[in-house]
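Some notes on the structure that comes next.
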Amino acid sequence: MPNYKLDLDEAELNCQFIAIHSNIEAYDIAYKLNKNLGLYFCRHEDDILFSKSNECYMVYKNVEKKNSSLIYLYSNSFFEFRNESKSAELFNFSNYKTSLVPELDKADYIVKHFGDNKEVGEFIKSVSLLDDVTSCYVFNLLKLKSKQNLMFD
């Protein structure tokens with residue numbers, strides 16, 4: 001996997017971070033966003049991987065058309081089964097959940113939306129009306145300590 005270098009100015013771009021709570025898979029929510037909101041989310045070439053663990057977070061990108069906003073959809077959860085004991089017994093495995101953004105560990109998906117506040121408000125309203133979405137809201141960037149995990153591409 002190639003190394004990425006980020007400019008310091010990238011963190012200061014005009015973007016909003018949105019948390020989505022839903023119990024469906026990432027490909028399914030991307031499909032529903034495409035179908036109901038007229039977006040075109042495609043799976044990004046690279047997922048977010050961490051070298052010290054086997055965590056993998058899916059990334060979808062709204063393929064830009066003229067006059068459309070740049071939007072990223074990140075899965076925020078990674079589940080791993082770990083063996084609790086040294087033996088290879090059948091029922092000694094436990095399920096561990098880690099989050100891409102630990103401050104929002106209850107959110108299933110994170111959206112990084114580049115655009116004005118009016119667009120973001122309409123986006124949140126539309127996403128909240130989807131059947132399988134429990135809640136959708138903007139969260140404060142100043143409270144986010146792990147925003148470097150969401151700088152991608």
Side-chain angles (χ1 to χ4, degrees), residues 1-4 6-7 9-65 67-82 93-153:
M1 184 170 150
N3 292 331
Y4 294 100
L6 302 174
D7 294 334
D9 296 334
E10 186 176 357
E12 303 300 323
L13 290 174
N14 183 24
C15 67
Q16 298 283 330
F17 292 97
I18 302 163
I20 299 175
H21 296 262
S22 178
N23 59 354
I24 59 176
E25 296 291 330
Y27 64 87
D28 201 12
I29 196 157
Y31 171 77
K32 289 181 185 246
L33 291 172
N34 289 346
K35 181 180 174 189
N36 296 312
L37 276 64
L39 299 172
Y40 192 67
F41 277 107
C42 291
R43 183 84 181 260
H44 200 278
E45 305 91 41
D46 299 315
D47 288 334
I48 296 177
L49 304 170
F50 292 100
S51 59
K52 295 184 180 185
S53 66
N54 59 350
E55 295 176 42
C56 177
Y57 300 94
M58 289 182 266
V59 179
Y60 289 83
K61 181 179 179 182
N62 182 35
V63 178
E64 294 182 79
K65 298 176 186 173
N67 301 325
S68 68
S69 298
L70 176 60
I71 306 171
Y72 288 97
L73 173 69
Y74 302 91
S75 63
N76 191 39
S77 304
F78 175 75
F79 292 97
E80 179 181 22
F81 293 100
R82 295 182 186 166
F93 289 92
S94 293
N95 188 9
Y96 289 93
K97 177 187 173 192
T98 55
S99 298
L100 179 64
V101 180
E103 297 86 7
L104 289 168
D105 62 340
K106 302 286 186 209
D108 299 301
Y109 303 100
I110 306 294
V111 174
K112 186 176 180 182
H113 190 289
F114 295 90
D116 63 1
N117 290 338
K118 182 180 177 186
E119 281 184 28
V120 172
E122 292 173 6
F123 178 82
I124 290 173
K125 189 175 185 179
S126 299
V127 172
S128 297
L129 294 175
L130 295 176
D131 290 335
D132 296 311
V133 173
T134 308
S135 66
C136 179
Y137 53 90
V138 173
F139 60 91
N140 191 348
L141 184 62
L142 297 176
K143 293 182 180 181
L144 190 63
K145 295 177 184 173
S146 55
K147 62 184 165 196
Q148 72 275 5
N149 290 351
L150 298 174
M151 291 183 191
F152 192 73
D153 203 20

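Because only heavy atoms are used, hydrogens play no part in the values below, and waters and symmetry mates are left out as well, while side chains stay in.
Of all the heavy atoms in Y109 and E25, the pair that sits closest is OH-C, 3.0 Å. Contact record, S77 with A107: OG-O, 4.1 Å, taken as the closest heavy-atom pair.
Here the side chains of V138 and I124 are in contact, with some heavy-atom distance below 4.5 Å. With contacts defined as side-chain heavy-atom distances shorter than 4.5 Å, the pair F123/V111 qualifies. Under the 4.5 Å side-chain criterion, counting only non-hydrogen atoms from C-beta, D108 is not in contact with T134. Looking at C136 and I18, their side chains come closer than 4.5 Å, going by heavy atoms from C-beta outward. Within the 4.5 Å cutoff, the side chain of I110 has no heavy atoms near those of the Y72 side chain.
Partners of E122 by side chain to side chain contact (heavy atoms under 4.5 Å, CB included), not counting sequence neighbours, listed by chain and number: K118.
In this structure, Y137 places its OH atom where more than 12 heavy-atom neighbours from other residues, nucleotides or ligands lie under 6.0 Å away.
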Practice item. For Y40 and N62, run side chain to side chain contact (heavy atoms under 4.5 Å, CB included): C-alpha distance rounded to whole Å, both residues' side-chain angles, the deciding distance at 0.1 Å, then the answer. Key: CA-CA 5 Å; Y40 192 67; N62 182 35; 4.1 Å; yes
Practice item. Any chance you could lay out the side chain to side chain contact (heavy atoms under 4.5 Å, CB included) test for V133 and I29, step after step, and finish with the verdict? Key: CA-CA 9 Å; V133 173; I29 196 157; 4.2 Å; yes
**Study point:** Trace of the side chain to side chain contact (heavy atoms under 4.5 Å, CB included) decision for C42 with Y60
**Key:** CA-CA 5 Å; C42 291; Y60 289 83; 5.9 Å; no
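Using modelled atom types, one side-chain atom of N76 and one backbone atom of L104 make a donor-acceptor pair closer than 3.5 Å. The main-chain N or O of H21 is never found under 3.5 Å from a side-chain atom of S135 such that the two would form a donor-acceptor pair. Not a single donor-acceptor pair under 3.5 Å links the side chain of D132 to the backbone N or O of S22. In this structure, the side chain of Y57 does not engage the main chain of F78 through any donor-acceptor pair within 3.5 Å.
Here the straight-line distance linking atom CG of L39 with atom NZ of K32 works out to 15.0 Å at 0.5 Å rounding. Atoms NZ and CD, from K61 and E45 in turn, are 7.5 Å apart once rounded to the nearest 0.5 Å. Note that CG of L70 is 9.0 Å distant from NE2 of H113, once rounded to the nearest 0.5 Å. How far CG of N36 is from OH of Y31: 8.5 Å, rounded to the nearest 0.5 Å. Going from atom CG of L100 over to atom CG of D105 covers 12.0 Å, rounded to the nearest 0.5 Å.
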